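Structure first, commentary second.
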Amino acid sequence: MPELPEVETIRRRLNTVIHNHTIKSTSVHNAKLRWPIAPDFAKQLSHATIHSFERRAKYLLMQTDRGIVIIHLGMSGSLTVNSGNHPLETHTHVEFHLKDGRSLRYRDPRRFGSMHWIPDKPLAHPLLRNLGPEPLDEGFNGDYLYQASRNRRVAIKNLLMNSRIIVGIGNIYASEALYLAQINPIRRSDRIACVRYQNLARAVKSVLESAILAGGTTLRDYVDAAGNPGYFKQNLLVYGRQGALCNLCQTQIRNRTIGQRSSYYCPHCQR
DNA sequence: CCCGATTCCTGTAGGC
DNA sequence: TGCCTACAGGAATCGG
């Protein structure tokens with residue numbers, strides 16, 4: 001399921017294979033995503049030239065000379081570049097046919113994703129307007145997290161997954177970062193000392209950067225823009241490893257539900 | 001404002 | 001082998 005490292009991996013790949021390529025036509029096979037694709041979507045993008053792909057949180061921003069497409073991959077979305085004659089896979093909802101014969105395809109079996117065209121000012125869009133800082137920006141640090149945690153009684157794992165506080169962290173990397181920082185995921189965010197938030201901020205940056213280097217985490221069906229899986233799964237320390245032994249203390253990794261999401265942690269190391 | 005619960009969706013796994 | 005159910009999760013939205 002694409003979190004920040006997966007979206008960033010896709011973004012980088014797209015920028016290497018699509019630069020100043022022009023859209024010949026756009027096909028919307030199924031407009032019923034998380035939000036319906038607007039009826040004029042294909043028309044707005046006819047003959048648009050794609051300049052680059054940017055990222056904000058888990059959103060991809062396709063920059064063209066005819067506006068911007070805000071793309072979210074939900075939990076099962078992929079965006080791949082195919083040769084024009086590549087067989088169309090099921091659940092391919094949108095195709096951008098490029099002039100050079102290739103097609104950029106948006107596929108999303110579970111349809112939790114979305115696609116919006118806007119003329120300009122993407123950061124003012126309602127979906128992006130209220131997002132917290134990027135975890136890999138220098139402005140994000142332990143002091144920021146500590147301040148954000150004051151007067152908030154939620155479990156720290158829920159704080160990490162709140163995109164108004166900090167973006168890009170989903171269920172996998174929240175568990176991994178808390179393990180690295182040795183913080184119990186259920187601990188109330190307002191009962192964690194400042195020094196521990198310094199560790200947590202470093203852990204967040206570390207796990208996200210490592211995952212990007214590995215090309216993201218493929219649990220089942222994540223692939224990048226060229227169809228390649230990511231290899232961070234072999235580096236996961238707790239996520240999905242219920243019953244396995246903690247690398248540090250040999251205690252069994254536990255799984256419990258926090259905020260309607262499965263969470264993995266070491267009950268001995270994480271306090 | 002804060003926060004927990006609900007909701008959308010489909011592929012997969014597990015039980016019988 | 002086949003049917004049924006539970007589960008996976010990003011994030012908006014709703015209700016208290």
Side-chain angles (χ1 to χ4, degrees), chain A residues 1-11 29-37 55-61 70-79 89-94 106-116 122-123 125-135 145 147-178 185-192 204 208 211 216-223 229-230 232-233 236 238-243 255-264:
Chain A
M1 48 232 75
E3 300 183 33
L4 187 151
E6 291 74 33
V7 178
E8 177 65 16
T9 299
I10 291 170
R11 182 188 81 82
H29 300 300
N30 184 356
K32 287 192 274 187
L33 303 183
R34 170 79 199 263
W35 290 280
I37 297 176
R55 181 184 59 76
R56 174 72 175 108
K58 297 172 188 170
Y59 293 95
L60 279 168
L61 306 175
I70 302 175
I71 302 164
H72 199 289
L73 299 173
M75 71 167 285
S76 61
S78 63
L79 202 55
E89 292 186 273
T90 57
H91 306 298
T92 300
H93 307 313
V94 177
Y106 177 86
R107 178 171 184 267
D108 184 7
R110 265 155 273 190
R111 290 190 279 128
F112 276 23
S114 62
M115 215 175 266
H116 292 86
L123 300 185
H125 189 276
L127 289 174
L128 307 189
R129 192 188 294 154
N130 297 311
L131 294 174
E134 290 285 332
L145 262 193
Q147 288 305 324
S149 71
R150 295 307 90 181
N151 303 318
R152 287 183 183 269
R153 303 160 64 92
V154 290
I156 181 61
K157 178 156 180 281
N158 291 342
L159 189 86
L160 275 188
M161 292 176 67
N162 183 342
S163 63
R164 288 180 174 240
I165 304 292
I166 178 71
V167 301
I169 305 171
N171 207 37
I172 297 173
Y173 299 113
S175 281
E176 293 298 309
L178 287 165
I186 201 72
R187 178 172 285 276
R188 268 172 59 165
S189 66
D190 62 352
R191 294 189 178 169
I192 296 172
V204 165
L208 295 178
T217 300
T218 296
L219 292 179
R220 185 166 298 144
D221 47 18
Y222 161 77
V223 290
F232 197 69
K233 183 180 179 187
L236 294 176
V238 287
Y239 183 87
R241 302 191 65 227
Q242 178 180 15
N255 175 12
R256 70 176 285 177
T257 299
I258 301 171
Q260 292 79 239
R261 292 289 175 263
S262 62
S263 309
Y264 301 87

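As the structure is a prediction and not an experimental result, all values here were calculated from the model. Within every chain, numbering begins at 1; the chains are lettered A, B, ... in the order of the sequence lines, protein sequences first and strands thereafter.
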A/H91 NE2 - B/dT10 C1' separation (whole Å): 7 Å

Mapping A/Q260 and A/P126 to their closest nucleotides on DNA chain C, which lands nearer the 5' end? A/Q260

Rounding to 10 degrees, work out the angle separating the end axes of the helix from B/dC2-C/dG16 to B/dC16-C/dG2 (five pairs an end). 50°

Using atom CZ of A/R152 as one end and atom C1' of B/dC3 as the other, report the distance to the nearest whole Å. 9 Å

Whole Å only: how far is the CD1 atom of A/I165 from the C1' atom of B/dC1? 12 Å

If I take atom CZ in residue A/R164 and atom C1' in nucleotide B/dC3, what distance separates them, rounded to the nearest angstrom? 12 Å

Considering all heavy atoms of both residues, which atom of A/I166 and which atom of A/P133 are nearest to each other, and what is their separation? CD1-O, 3.1 Å

Is it true that atom CZ of A/R188 has more than 12 heavy atoms of other residues, nucleotides or ligands lying nearer than 6.0 Å? yes

Find which nucleotide of DNA chain B each of A/R111 and A/N158 is nearest to by heavy atoms, and output the residue with the more 5' nucleotide. A/N158

Run A/E176 and A/V238 through side-chain contact (heavy atoms from CB on, under 4.5 Å) and show every step you take. CA-CA 6 Å; A/E176 293 298 309; A/V238 287; 3.3 Å; yes

For the residue pair A/S76 and A/R111, what are the closest heavy atoms and their distance? OG-N, 4.3 Å

Just checking A/Y264: base, sugar-phosphate only, or nothing, at a heavy-atom cut-off of under 4.0 Å? nothing

What is the distance, rounded to the nearest whole Å, between atom CG of A/L160 and atom P of B/dC3? 14 Å

Which atom pair, heavy atoms only, marks the closest approach of A/P122 to A/L128? O-CD1, 3.2 Å

What is the distance from CZ of A/R150 to C1' of B/dC1, rounded to the nearest Å? 18 Å

Would you mind classifying the nucleic acid contact of A/S262 as base, sugar-phosphate or nothing, using non-hydrogen atoms under 4.0 angstrom? sugar-phosphate

So A/R34, base contact, sugar-phosphate only, or nothing? Heavy-atom distance under 4.0 Å. base

Going by the angle between their ring planes, with limits at 30° and 60°, are A/W35 and A/H116 parallel, tilted or perpendicular? tilted

Relative to the ring of A/Y264, is the ring of A/Y239 parallel (under 30°), tilted (30 to 60°) or perpendicular (over 60°)? perpendicular

Atom CZ of A/R188 to atom P of B/dC2: distance rounded to whole Å? 15 Å

Distance check needed: B/dC9 P versus A/W35 CH2, whole Å only. 13 Å

Heavy atoms of other groups near A/R191 CZ, more than 12 under 6.0 Å: no

Select from A/P109 and A/A155 the residue whose nearest nucleotide in DNA chain B is closer to the 5' end of that strand. A/A155

Verify the neighbour count for atom CG of A/N130: are there more than 12 heavy atoms of other residues, nucleotides or ligands below 6.0 Å? yes

DNA chain C: first to last nucleotide in contact with chain A (atom under 4.0 angstrom from a heavy atom), 5' to 3', is C/dA8 to C/dA12

